[in-house]
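We count ligands from 1, going down the list as the structure has it; atoms in each ligand are counted the same way.
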Amino acid sequence: AFDTLMIGGGPAGASAAIYAARKGISTGIASERFGGQVVDTLGIENFISVSKTEGPKLVTALEEHVKDYDVDVMNLQRAVKLTPAEAEGGLHEVTFESGATLQSKTLVLATGARWREMNVPGEAEYRNKGVAYCPHCDGPLFKGKHVAVIGGGNSGVEAAIDLAGIVGHVTLFEFMGEMRADAVLQNKLKSLTNVDIVLNAQTTEVTGDGSRVNGLNYKDRTNDENHHVALDGIFVQIGLVPNTEWLKDSPLELSPHGEIITDAKGMTSSPGIFAAGDVTTVPFKQIIIAMGEGANAALGAFDFIIRN
Ligand code: FAD
C-alpha cells in the first residue's frame, strides 16, 4: 500500500506527487492521461515565470520533474470506484477499469474537469482553430476581432465582459428568452457599447474555411428562422463538468454541480481523502491554481499521516 496515492495526472496530481515524494513517503500517481487538459492546450501565457509556452511542452516538463523523484507513475488507468477506509487511519481502496485495485493511507483526488461542449457540427473540427473555452487563456489571441460567447449564465456573461475589453466586438448567444447571470453582471454587460446579445438562439453549426472558424449558424427559437453570423472566434461557456462520475456511489460530499468539497487543507468529507484542482469547488480553474491546490493537498495528506 502507498502512503499517498494521487488519482489524476494533471497539474494538480503532478504537483501533489512531487510535494508528497519530497516528504519521503511512498507516493503513487495513477491517471488516465498524464498531463490532463494541458495536453489539449495550445498557447499558455499565464503560467507565472514562463512568458509563453505550449501545453505539450509543459506536460513534458511536468513529467520530467515528477521523474526526478521516487514516484510510482501508472498511466492509462481509469478509476471507477472509491472505497474509503472503514476506520480513520485505515487504508482506502481505488478500483480501476482494468479490474486492478490500489490501496493507500491517503488519497489526493485530482481527476479534473472538462468543458461542456455544444455538440454541434464544426465544434470539434475547429477546436483551438477559433473555438475556445477559456477566456482568461485565449482571449488575447482575438485582439480587435469579432467573437461570440455561447451561454448567458454567470460564466458566459463574465466571459463576454472580460472579452469586450480585449476584442473588437462580442455577440453573446443565449438559448433561453433571458440570461441566467446575476443582474449586476447583466447590467454591466448591457452598458458596454461593443456587445450585442441574441436571446432564444440555438447554435446549430460552427462554420469555417477548412482551417479556421469564420462564423456560426443559429436558429431563432421564436420563429425557427436560421441565421449566419460572421465571426473570428467562438467562446463556449455552457459549463464545466467535474470528472466525478466515478465517485457517485462514494460517501464523499459533492456540491450541487458535482464538485468535491474540501477544507482549507484540501481534505474532503472522508478523513484521509484529499482533493485538488478543477475537480473541487475551487472557484477559478487554472493551471497555476491547480498546482498550488495540489501542493496544499499533499501537505495536508502528510500532516494527516504524521497524526495517525
Ligand atoms: P486536469 O488537467 O483536468 O487533469 C485531470 C487528470 O485526471 C488527467 O490526468 C486525467 O486523465 C485524469 N482523470 C480524469 N478522470 C479520471 C479517472 N476516472 N481515473 C483516473 N484518472 C482520471 N489554464 C491556464 O492556467 N492557462 C491556460 O492557458 C489554459 N488554457 C486552457 C485551454 C484549454 C483548451 C483547456 C481545456 C483548459 C485550459 N486551462 C488553462 C485550464 C487548465 O488546463 C486546468 O485548470 C488544469 O489543467 C486543471 O488541472 P487538474 O490537474 O485539476 O485537472
Taking only heavy atoms of V38, which atoms of ligand 1 are found under 4.0 Å from at least one of them?
47 (O)
Would the number of heavy atoms belonging to other residues, nucleotides or ligands and lying under 6.0 Å from CD of E45 be above 12?
yes
Is the closest heavy-atom distance from N46 to ligand 1 below 4.0 Å?
yes
Does R114 pair with E245 as a salt bridge, N-O distance under 4.0 Å?
yes
Can you list the ligand 1 atoms lying under 4.0 Å from a non-hydrogen atom of C137?
23 (N), 26 (N), 27 (C), 28 (O), 29 (C), 30 (N), 31 (C), 39 (N), 40 (C)
Steps toward salt bridge (charged side-chain N to carboxylate O under 4.0 Å, His left out) verdict (K81, E93)
CA-CA 8 Å; K81 190 175 168 216; E93 188 172 273; over 6 Å; no
What atoms in ligand 1 come closer than 4.0 Å to a heavy atom of A113?
3 (O)
Among all protein non-hydrogen atoms, which one is nearest to atom 18 (N) of ligand 1, and what is the separation to 0.1 Å?
A79 O, 3.1 Å
Do any nitrogen or oxygen atoms of R127 lie less than 3.5 angstrom from nitrogen or oxygen atoms of ligand 1?
no
Surrounding CG of D182 (heavy atoms of other residues, nucleotides or ligands, distance under 6.0 Å), is the total greater than 12?
yes
Classify the ring geometry of H227 against Y218: parallel below 30°, tilted from 30° to 60°, perpendicular beyond 60°.
parallel
What atoms of ligand 1 come closer than 4.0 angstrom to any heavy atom of G43?
28 (O)
Can you find a non-hydrogen atom of G55 under 4.0 Å from ligand 1?
no
Does the cation-pi check pass for R221 over F175, that is, NZ or CZ under 6.0 Å from the six-membered ring centre and within 45° of its axis?
yes
Any nitrogen or oxygen of R33, main chain or side chain, under 3.5 Å from a nitrogen or oxygen of ligand 1?
yes
Side-chain ion pair, D40 and R33, N-O less than 4.0 Å
yes
Any W115 heavy atom less than 4.0 Å to ligand 1
yes
Within this structure, what is the CG-OG1 distance for the pair L91 and T83, rounded to the nearest 0.5 Å?
12.0 Å
Closer than 4.0 angstrom, basic N to acidic O: yes or no for D3 and K105?
yes
Report the part of A14 in contact with ligand 1, treating N, CA, C, O as backbone and CB onward as side chain, heavy atoms under 4.0 Å; options are side chain, backbone, both, neither.
neither
Are Y133 and F235 an aromatic pair by the rule of ring centers under 6.0 Å?
no
Taking both backbone and side-chain atoms of Q37, is any N or O found less than 3.5 Å from an N or O belonging to ligand 1?
yes
Taking 4.0 angstrom as the limit and counting only heavy atoms of Q77, give me the atoms of ligand 1 inside it, by number and element.
19 (N), 20 (C), 21 (N)
Can you find a heavy atom in the side chain of L254 that is under 4.5 Å from one in the side chain of I261?
no
for atom 12 (C) of ligand 1, nearest protein heavy atom and its distance come out as G8 CA, 3.8 Å
So if I count the atoms of ligand 1 from 1 in the order they appear, which ones are less than 4.0 Å from some heavy atom of G277?
52 (O)
Do ligand 1 and R78 have nitrogen or oxygen atoms that lie under 3.5 Å from each other?
no
Report yes if some heavy atom in the side chain of L109 is under 4.5 Å from a heavy atom in the side chain of L247; otherwise report no.
yes
Are any of the side-chain nitrogens in K265 or D303 under 4.0 Å away from the carboxylate oxygens of its partner?
yes
So is there a nitrogen or oxygen of I44 less than 3.5 Å from a nitrogen or oxygen in ligand 1?
no
Among V170, L185, L172, the one residue meeting side-chain contact (heavy atoms from CB on, under 4.5 Å) with I161:
L185
Have a look at G36, P11, G10 and point out the one with the heavy atom closest to atom 47 (O) of ligand 1.
P11
Can an N or O of Q286 be found at a distance shorter than 3.5 Å from an N or O of ligand 1?
yes
Give me the residue, atom name and distance of the protein heavy atom closest to atom 21 (N) of ligand 1.
E32 N, 3.2 Å
Ligand 1 N/O within reach of I288 N/O, cut-off under 3.5 Å:
no
Would you find more than 12 non-hydrogen atoms of other residues, nucleotides or ligands less than 6.0 Å from D263 atom CG?
yes
Side chain or backbone, does I287 bring an N or O within less than 3.5 Å of an N or O on ligand 1?
yes
Enumerate the atoms of ligand 1 whose separation from the nearest heavy atom of T41 is less than 4.0 angstrom.
30 (N), 31 (C), 32 (C), 33 (C), 35 (C), 38 (C)
Run the numbers for me: atoms of ligand 1, each under 4.0 Å from some heavy atom of A290, listed by number.
48 (C), 49 (O), 52 (O)
Please compare S31, P242, A110, C134 and report which has the shortest non-hydrogen distance to atom 6 (C) of ligand 1.
A110
